[in-house]
Amino acid sequence: MASVLEVTHPRPEITVLTLNRPDKLNALTYELVEELHTALDAIAVDNTCRVVVLTGAGRGFCSGLDLSAPNPAEAGGGTEFPRSGMRWQERIADLTAKIHRLRQPVIAAVNGVAYGGGFGIALACDIRIGTASTRFCTQFIKLGLGGCDIGVSYTLPRVIGAGPAFDLILTARAVDGEEALRLGIVSRLAENVVDEALAIAETLCGYGKFGLESTKQVLWANVDAGSLEAALHLENRSQILASTSGEMREAAASVLRKD
């Protein structure tokens, strides 16, 4: 039987994670969530991998939680509800935190729908690419739940601003690829999102190892910086640390040779 998560390496420095439940639009089950956790844990300690591409098999990225098994018994560790539900809720939500914490930039190649938890996972990534037929929707409030789940109340306002984020979360309306591009949910549209993501990954792999890691860390840290001065302090320290790696000298020499 095929795995619900395919892990491939187009080259050693690039890892592609493909959610593989195409008949269910890659809805999140206990098995898929656990395999994602295992893969992300392995990537976190993989010093060869430099960029991650996350996508879905078939015609969808991820349609959110599989509603045929919304509270699997194995996820609760033998506890009763609501304790079991809280453990499952936290386990799913921690996927977004793990993606956020990875040193490697993560590119979401969003083919088709990204609803509910799928939208949350895409928002946790550093770069998102869509197609004209991509659809994003928070969905949670439509299911009789609160509209804020799996990090969207944190990530979406930071990606597109508070006003548009409140609109999308409260109304749970779906947006297509073109509107997602206008709002800034995706940074570009492509006919083949995986090919586009791999091209970006190749570009990132051409940059210095420390420089790439520290850039992701500084960007996310400074999203929450309390002031310009705080942001500048972090940037300054990162730049000086990067200059000690030897990568700056190599890059500068390459630029001079081209001149």
Side-chain angles (χ1 to χ4, degrees), residues 13-17 36 40-41 43-55 61 93-110 114 118-130 136 150-165 168-169 180-190 193 196-245 247-248 250-252:
E13 296 85 359
I14 300 172
T15 299
V16 178
L17 302 179
L36 267 172
L40 293 171
D41 288 342
I43 290 168
V45 296
D46 184 348
N47 290 324
T48 300
C49 175
R50 301 193 57 211
V51 184
V52 179
V53 173
L54 177 61
T55 192
F61 178 76
D94 197 41
L95 288 173
T96 60
K98 279 190 177 180
I99 292 170
H100 191 124
R101 287 195 300 264
L102 283 181
R103 290 181 175 85
Q104 298 92 337
V106 182
I107 305 168
V110 185
F119 192 10
I121 288 171
L123 286 168
C125 298
D126 305 294
I127 298 173
R128 283 162 299 283
I129 304 163
F136 293 97
I150 198 168
V152 298
S153 61
Y154 178 91
T155 53
L156 189 57
R158 283 162 174 78
V159 169
I160 66 173
L168 296 189
I169 292 171
L181 181 63
R182 291 196 301 271
L183 288 171
I185 296 172
V186 298
S187 57
R188 61 183 81 179
L189 299 179
V193 288
E196 186 73 12
L198 289 173
I200 295 172
E202 290 287 348
T203 296
L204 299 186
C205 285
Y207 300 143
K209 295 177 181 178
F210 180 82
L212 186 60
E213 289 184 10
S214 65
T215 297
K216 172 174 176 172
Q217 292 171 340
V218 170
L219 282 169
W220 277 112
N222 280 348
V223 164
D224 291 325
S227 67
L228 173 61
E229 292 297 325
L232 290 173
H233 283 309
L234 186 56
E235 286 184 354
N236 292 341
R237 281 157 177 74
S238 178
Q239 294 295 65
I240 294 303
L241 281 171
S243 71
T244 67
S245 69
E247 293 173 350
M248 179 181 175
E250 294 174 8

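These numbers were taken from a predicted model, which means no experiment stands behind them. Every heavy atom of this structure was used, including side-chain atoms; hydrogens, water molecules and symmetry mates were not.
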Phe136/Leu183 under side-chain contact (heavy atoms from CB on, under 4.5 Å): CA gap, chis, key distance, verdict: CA-CA 12 Å; Phe136 293 97; Leu183 288 171; over 6 Å; no
Minimum-distance pair of heavy atoms, taken over all atoms of Val110 and Val193: O-CG1, 4.0 Å
- request: Sequence neighbours left out, what passes side chain to side chain donor-acceptor pair (under 3.5 Å) with Asp224? Give chain and number order.
  value: Tyr154, Arg158
- request: Evaluate the side-chain proximity of Leu123 to Val159: yes if any heavy-atom separation is below 4.5 Å, no if none is.
  value: yes
- line: Residues at least two apart in sequence or cross-chain that pass salt bridge (charged side-chain N to carboxylate O under 4.0 Å, His left out) with Glu235, listed by chain then number, are none
- line: Heavy-atom closest pair (Val152 atom, Pro157 atom, distance to 0.1 Å) is O-CD, 3.3 Å
field: side chain to side chain donor-acceptor pair (under 3.5 Å) partners for Thr55, two or more places apart
entry: Asn111
task: For residues Ile160 and Ala165, report the shortest heavy-atom separation together with the two atoms involved.
output: CD1-N, 3.7 Å
message: Which residues pass the salt bridge (charged side-chain N to carboxylate O under 4.0 Å, His left out) test with Arg237, not counting sequence neighbours?
response: none
Minimum heavy-atom distance between Ile129 and Ala190, given as atom pair plus value: CG2-CB, 4.2 Å
- prompt: Does the side chain of Thr15 reach to within under 4.5 Å of the side chain of Leu17, using non-hydrogen atoms?
  reply: yes
task: Quick one: pull up OH in Tyr207 and CG in Leu212 and give me the separation to the nearest 0.5 Å.
output: 9.5 Å
- prompt: Got a second to check how far Arg50's CZ is from Leu204's CG, nearest 0.5 Å?
  reply: 8.0 Å
task: Test side-chain contact (heavy atoms from CB on, under 4.5 Å) on Phe119 and Leu156 and set out the steps.
output: CA-CA 9 Å; Phe119 192 10; Leu156 189 57; 4.0 Å; yes
message: For the NZ atom of Lys216 and the CD1 atom of Ile127, what is their distance to the nearest 0.5 Å?
response: 10.0 Å
Show which side-chain atoms of residues 97-108 pair as donor or acceptor with protein atoms under 3.5 Å away, not counting sequence neighbours.
unit_1 : atom_1 : unit_2 : atom_2 : d
Lys98  : NZ     : His37  : ND1    : 3.0
Lys98  : NZ     : Asp41  : OD1    : 2.7
Lys98  : NZ     : Asp41  : OD2    : 3.1
Gln104 : NE2    : Ile43  : O      : 2.9
Gln104 : NE2    : Asp46  : O      : 3.4
Gln104 : NE2    : Cys49  : O      : 3.3

For the student: nearest non-hydrogen atoms of Val53 and Ala109, plus distance: CG1-CB, 4.3 Å
query: Counting heavy atoms not belonging to Asn236, are there more than 12 under 6.0 Å from its CG?
result: yes
- line: One should read off an interatomic distance between Leu241 CG and Ser214 OG, to the nearest 0.5 angstrom, of 8.0 Å
- prompt: To the nearest 0.5 Å, how far apart are CD in Glu213 and OG in Ser238?
  reply: 10.5 Å
field: Stepwise side-chain contact (heavy atoms from CB on, under 4.5 Å) test for Val16 and Val52
entry: CA-CA 6 Å; Val16 178; Val52 179; over 6 Å; no
query: Could you walk me through whether Leu95 and Leu40 pass the side-chain contact (heavy atoms from CB on, under 4.5 Å) check?
result: CA-CA 8 Å; Leu95 288 173; Leu40 293 171; 4.1 Å; yes
statement: In short, Ala201 meets Ile14 closest at the heavy-atom pair CB-CD1, 3.7 Å
- prompt: Taking only residues two or more places apart in sequence, or in another chain, which ones meet Leu189 in a side-chain contact (heavy atoms from CB on, under 4.5 Å)?
  reply: Glu178, Leu181, Val186
task: Indicate yes or no for a side-chain donor-acceptor contact from Arg128 to the backbone of Ala122 under 3.5 Å, with no hydrogens or angles considered.
output: yes
query: Distance from Thr215 atom OG1 to Asp126 atom CG, nearest 0.5 Å?
result: 11.0 Å
